Amino acid sequence: MANPIRIQDIAQHEGETVTLRGWLYAKTGKGKLQFLQLRDGSGIAQCVVFKGEVSEELFQNAKDLTQESSLIVTGSVRANTKAPGVPGGYEVGVEELQVLHIAESFPIAPKEHGVEFLMDHRHLWLRSRQQWAALRIRATIIRAIRNWLDDQGFINMDTPIITPTAGENTTHLFEVSYFDDAAYLAQTGQLYNEATMAAFGKVYCFGPTFRAEKSKTRRHLAEFWMVEPEIAFCSLEELMDIEEQMLVYVVEQVLAKHRPELEVLERDVSKLEAITSPFPRLSYDEAVEKVAEIREQTEDDELKAQLDLTWGDDFGSPHETELTKLFDKPVFVYHYPTAAKAFYMEPVEGRPEVCRSVDLLAPEGYGEIIGGSERIYDLELLERRIEEFGVNKDDYQWYLDLRRFGSVPHAGFGLGIERTVTWLTGQDHIRAMIPFPRTLNRMNP
RNA sequence: UCCUCCGUAGCUCAAUGGCAGAGCAACCGGCUGUUAACCGGUAGGUUAUUGGUUCGAAUCCAAUCGGAGGAGCCA
């Protein structure tokens, strides 16, 4: 065994004898040649076995390898523009081959498969190029978000997953037993974050979020990851600045680190390069007008019916999708109708029918990835809103305390990780953007 | 919860009322430059389940089960 390297670094080792350790991604043979596509988690490299250069036994061992067999090869790295792989362009001329395990017939062949079959084999599907590429980008997105927030002085303050009551009381929750009581899996950390905000100033929680909604769309998971910053003394306008700067940084990091992965995913990189400050900002009023204009101009009767909207309605998916098509960047829509939003959102001064809320809609039809707002900080108003919403005030006494002891204007938002990954990788479905998705009809494997 | 669509070999699909088939994967053989190689061969079936219509059902009808896409709700 020579110097063991990772495939992502192969270009730095041209001319050297190296060792690669991994799994056989694919193989083609041609008489006295075997082409092994070897995957090691960091990339895929072509390893060439030529009968004239190795022992009879080694050649036969190479020929007998099956897809996903595990192996260690040693050989010299040479440039070859035709060599496939990720990053590609280099191949290894095999001199030694150690077979660790001959894999049984691998269910996922290098061809097209149906969704159900792939999801049943998610534990194996993860090894495929596109899954690998998207999940590597996911990891970078998470890391970039944390780095940006940490660098801006935010304190990571994770909030409980087991909670006694509904957070926003707007969605169906997963009920679990907590000793002798019922409890619920968290649908948001925001209310707790308002408490940590008053202790630390700028905070964020980053964790799994659970929604028991019976949603069956390409945008929904029952368990997904969300980052929720909460900032003291922050206005809605400043909140938009923060969201914008953070996202621009995330996109820069993805572009800087994942060109090969974006190529595997056939992502149009120019769409990502266009994500620069500033993002367009539309009030709900303006957005309603835009939707009405689109509706008038379309000749698609079905779309016309879907886009029917009167002032005060929340936007549905079709409205969001059409709105985002007007821009090549994410678009902020702010000042939504108060009646369409959660109870804790600050009303706009002199215009209580709308509130200090803002959603960020991703372009190319991807839609909402962030929801945020200024929070009510007046005790009496918050008490009144809780009553109007018909939720149990006793459950919110600690939350109301935050308005009794040094209440300050503050704002925060929640960003859905998997929705962001779906958009940045240009994929069509959220379920492949998390290693083991939980959806309406599936929690296995 | 509602609407639409789908279920045939391990996988992707064809057969539309008349003998259940092909490609890929697997296995055997051939080939020095493959990119989902190619060529020849072997093997592979309770047509989701149950019932009905029919001389005859993968095909038509009903119910059930499983899945997909969308609406609503949301990130």
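Remember, it's a predicted structure, so these values are computed and weren't measured experimentally. Keep in mind that the numbers below use all heavy atoms, side chains included, and drop hydrogens, waters and symmetry copies. Chain identifiers are assigned alphabetically (A, B, ...) following the order of the sequence lines, protein sequences preceding nucleic acid strands; residue numbering begins at 1 within each chain.
- Using modelled atom types and a 3.5 Å distance limit, the side chains of Ser42(A) and Asp40(A) yield a donor-acceptor pair.
- Note on Pro107(A): nothing from the nucleic acid sits closer than 4.0 angstrom, heavy atoms only.
- If you check every strand for non-hydrogen atoms under 4.0 Å, Glu91(A) touches a base.
- Within the nucleic acid shown, Glu418(A) has no heavy atom closer than 4.0 Å to any nucleic acid atom.
- Counting non-hydrogen atoms under 4.0 angstrom, Ile369(A) reaches the backbone sugars and phosphates but no base.
- Looking at heavy-atom distances under 4.0 Å, His429(A) makes contact with sugar-phosphate atoms alone, never a base.
- Rounded to whole angstrom, the span from the CZ atom of Phe106(A) across to the C1' atom of U12(B) amounts to 17 Å.
- Picking from G33(B), C74(B), A25(B) the nucleotide with the shortest atom distance to the side chain of Asn80(A) gives G33(B).
- Residue Lys82(A) is classed as a base contact, given a heavy-atom separation below 4.0 Å to a base.
- With hydrogens and angles ignored, a donor-acceptor pair under 3.5 angstrom links the side chain of His220(A) to the base of C74(B).
- Contact annotation for Ile370(A): backbone-only contact, meaning every heavy-atom pair under 4.0 Å involves sugar-phosphate atoms and none involves a base.
- One can find a donor-acceptor pair under 3.5 Å joining the base of G72(B) and the side-chain atoms of Ser215(A).
- Under 4.0 angstrom from either OP1 or OP2 of A68(B) there lies at least one side-chain N or O belonging to Asn441(A).
- Of the candidates A68(B), U34(B), A71(B), A71(B) carries the atom nearest the Arg219(A) side chain, counting heavy atoms from C-beta on.
- For G70(B), the base has no donor-acceptor partner in the side chain of Gln306(A) [N/O atoms by modelled type, under 3.5 angstrom].
- Counting any heavy atom pair closer than 4.0 Å across all strands shown, Ser317(A) reaches a base atom.
- Using modelled atom types, one finds a donor on one side chain and an acceptor on the other under 3.5 Å when comparing Glu228(A) with Thr188(A).
- The phosphate of G69(B) (OP1 or OP2) has a side-chain N or O of Arg431(A) nearer than 4.0 angstrom.
- Between the side chains of Tyr192(A) and Asp158(A), no donor N or O sits under 3.5 Å from an acceptor N or O.
- At a threshold of 4.0 angstrom between heavy atoms, the contacts of Gly316(A) are confined to the sugar-phosphate backbone, with no base atom among them.
- When heavy atoms are screened at a 4.0 angstrom cut-off, Phe117(A) is found touching the sugar-phosphate backbone but no base atom.
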